[in-house]
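The structure under discussion appears below in the form of structure tokens.
Since this is a predicted model, take the numbers as computed values, not measurements. Values reported hereafter were calculated over all heavy atoms of this structure, with side chains retained and with hydrogens, waters and symmetry mates removed.
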Amino acid sequence: MSGFKTDSGETAKVLPPGLVEELGELAETFLQSLPESIDTIEDLLRVPDRNSKKERITESIILAHRIRGTAGTLGLSMVSASFAVLEDQLKLVQQRNLLEDQLALTGLKSSIALCRKCCGAADANVLEHRLEASDSTVRLLTNATAAELDEVEKIRENSGQLVLLIEDDPFFISIIQSVLSSDEHFNKGILSARSLAEAAKFLNNFEPDIILLDLALPDSEGIRTFHAVHDLAPEVPILILTALDDTPLADESVACGAQDYLVKGRISPDALTRCIRYSIARFRAEKSVLRLRAIEDFHSALAHDLRVPVQGADRILEHILAGNVGELTAELRNAILVLNDSNKVLLNRLNKLLNLYRVEFGSVDAEWRLTNPLDIVNAVIAERQNDIQKKELKVEIFQSEVEPSLHTDPELLREVIDELISNAVKFATTGDTISVRMETSDTRVSIKISNPGHYIAQEDKRDLFRKFWRGTPGKSYVATSGLGLYYCQQIMNVLNGTIACRSNPDLTTFTVRLPVSIGRG
């Protein structure tokens, strides 16, 4: 069989000839079994006792549901449609308690007759046409792009995948096992359980790579089935197998934690194997994100706990330097001044780490106010005067004729300006001139902070605002903690602004751009 075209024009995977032949044989066997299944449904409905009939109606619904799903998957669309009609009729009788209603029972007989007629006319050869159908009807709730799915296709583990199929229809089990057995990714094996109780025994002894789950089982029904399996295997991705009219239930399962769902009757081999691999890959990615979040939470808690004693030490050192605990010798004062400076650096970094955590996880809201950024620049420069004077630096401020003014959060903007001026002072050499240039237009204010300090290579600028980036080993530019510029970028995201860097051997410039008007667009 040649490759087939999807709606996007791409050629899908060629199916192995052996698989086509195996599924064809399954289709023939399935068709041969249908007359007996119809007889079973008729026998179930002949029971005269009313209470027994209620139980038999439920059994008939399960059997009709099972047949329609398998028939659809095998490409027997008319058979699937006829059993869908029968299932709907049975549900109507059950829900409205029409066990003695002659009109309803006549409708059931007509539906059963339709099923017999469609089964007699069905041809197993339609299977080949079904397998050539596009898998574009399979709905991926994650809205993955073609490129993302192609990337998932490259994920190949030598050890293969172990699949647990929880499904009570033996024919459907055979179909899934045939499809997956022909794919090298699933060479660990495909195990099946026909009830929730049987699945529990499996899951108590091993952990599969993925679970394929039919929500309608003999001992469990609906969303309860998903919750039960998820409780048994919380670390395993679950892919739901659902009937055509049960998509709301499948949506609910995905909202509760299932990775995705496939509709019986619209499952092609390529879609099945690809969706399984994608679900496994996405589940692992989600787990990695949760682990990273846990690490972030730990870092935040640790920084918070460390800040308390550091703040205490800061207050004690200030008391000592103020002479409140006695006279200090010149030598001891100098030593305490060094200790105090180091303590303030540590406290500043802990505060920055906590602020970064709040910004990253959306717990910081900008307090928009009319702000003159020139006032912020002057205030920061005044605070940095000691460092500026130690290195004999000059600071020049240029502004356009229009007075710079914008709606922003002055405290958050101050954090950014302080970081950039601090870096400019840190990396400038003695006697250099640091320039701050402000340009104002009708729509935005630009703040450019430049110094003739260390050159930042082009290849390093890609990583400059990346978290914990500390520079390229052996290069002249190395950040102190790898958080400062990343923190600036996160703040600019909150303020709807941008931050960028330009560098050549003579000058390095960081540019902050902010919209004049308030907004979050």
Specify the closest pair of heavy atoms between [X] and [Y], including all atoms of both residues, with the distance to one decimal.
{"X": "Arg194", "Y": "Pro170", "answer": "NH2-CB, 3.6 Å"}
{"X": "Ser82", "Y": "Cys115", "answer": "O-SG, 3.5 Å"}
{"X": "Val516", "Y": "Arg444", "answer": "CG2-N, 3.3 Å"}
{"X": "His227", "Y": "Cys256", "answer": "CE1-SG, 3.8 Å"}
{"X": "Ser80", "Y": "Arg68", "answer": "OG-O, 2.8 Å"}

Set of residues satisfying side-chain contact (heavy atoms from CB on, under 4.5 Å) with respect to [X], sequence neighbours excluded:
{"X": "Ala113", "value": "none"}
{"X": "Met492", "value": "Val416, Ile499, Val512, Leu514"}
{"X": "Thr29", "value": "Phe171"}
{"X": "Ala258", "value": "Phe226, Ile240, Ser253, Val254"}

Side-chain contact test, heavy atoms from C-beta onward, threshold under 4.5 Å: evaluate it for [X] versus [Y] and give yes or no.
{"X": "Leu196", "Y": "Ile166", "value": "no"}
{"X": "Leu239", "Y": "Asp260", "value": "yes"}
{"X": "Ile276", "Y": "Leu180", "value": "yes"}
{"X": "Phe172", "Y": "Asp214", "value": "no"}
{"X": "Val179", "Y": "Thr273", "value": "yes"}
{"X": "Ile41", "Y": "Ser37", "value": "no"}
{"X": "Tyr261", "Y": "Leu215", "value": "no"}
{"X": "Tyr487", "Y": "Glu415", "value": "yes"}

With sequence neighbours excluded, tell me which residues meet salt bridge (charged side-chain N to carboxylate O under 4.0 Å, His left out) with [X].
{"X": "Arg224", "result": "none"}
{"X": "Asp39", "result": "Arg116"}
{"X": "Asp168", "result": "Arg66"}

[X] [atom1] to [Y] [atom2] distance, which is reported to the nearest 0.5 Å:
{"X": "Ile62", "Y": "Glu87", "atom1": "CD1", "atom2": "CD", "result": "10.0 Å"}
{"X": "Leu485", "Y": "Gln489", "atom1": "CG", "atom2": "CD", "result": "9.0 Å"}
{"X": "Ser279", "Y": "Leu262", "atom1": "OG", "atom2": "CG", "result": "7.5 Å"}
{"X": "Cys119", "Y": "Ile67", "atom1": "SG", "atom2": "CD1", "result": "7.5 Å"}
{"X": "Thr40", "Y": "Arg56", "atom1": "OG1", "atom2": "CZ", "result": "10.5 Å"}
{"X": "Gln89", "Y": "Ser60", "atom1": "CD", "atom2": "OG", "result": "13.0 Å"}

Can Ile176 and Glu167 be said to form a side-chain contact (heavy atoms from CB on, under 4.5 Å), step by step? CA-CA 10 Å; Ile176 299 299; Glu167 163 70 57; over 6 Å; no
Item to complete: Would you please test Phe283 and Ile210 for side-chain contact (heavy atoms from CB on, under 4.5 Å) and show each step?
Response: CA-CA 10 Å; Phe283 184 80; Ile210 191 167; over 6 Å; no
Test Leu165 against every option in Leu213, Ile211, Leu241, Leu191 by the side chain to side chain contact (heavy atoms under 4.5 Å, CB included) rule and name the one that passes.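 Testing each of Leu213, Ile211, Leu241, Leu191 against Leu165, the sole residue satisfying side chain to side chain contact (heavy atoms under 4.5 Å, CB included) is Leu241.
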Using atom types as modelled and distance alone, determine if a side-chain donor or acceptor of [X] lies under 3.5 Å from a backbone N or O of [Y].
{"X": "Asp219", "Y": "Ser195", "result": "no"}
{"X": "Asp209", "Y": "Leu162", "result": "yes"}
{"X": "Asp409", "Y": "Glu367", "result": "yes"}

| said: Can you confirm whether Asn204 is buried at CG, in the sense that more than 12 heavy atoms of other residues, nucleotides or ligands lie under 6.0 Å from that atom? | reply: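 Atom CG in Asn204 is packed in, count exceeds 12.
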Name all pairs fulfilling the salt bridge (charged side-chain N to carboxylate O under 4.0 Å, His left out) condition that reach into residues 230-240, sequence neighbours left out, sorted by first residue then second.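 Pairs touching residues 230-240 that pass the test: Glu235-Lys287.
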Set of side chain to side chain donor-acceptor pair (under 3.5 Å) partners for [X], sequence neighbours left out:
{"X": "Ser111", "value": "none"}
{"X": "Asp169", "value": "Thr70"}
{"X": "Ser192", "value": "none"}
{"X": "Thr58", "value": "Gln94"}

* **Worked check of side-chain contact (heavy atoms from CB on, under 4.5 Å) between His230 and Ile238** => CA-CA 8 Å; His230 187 262; Ile238 298 174; 4.1 Å; yes
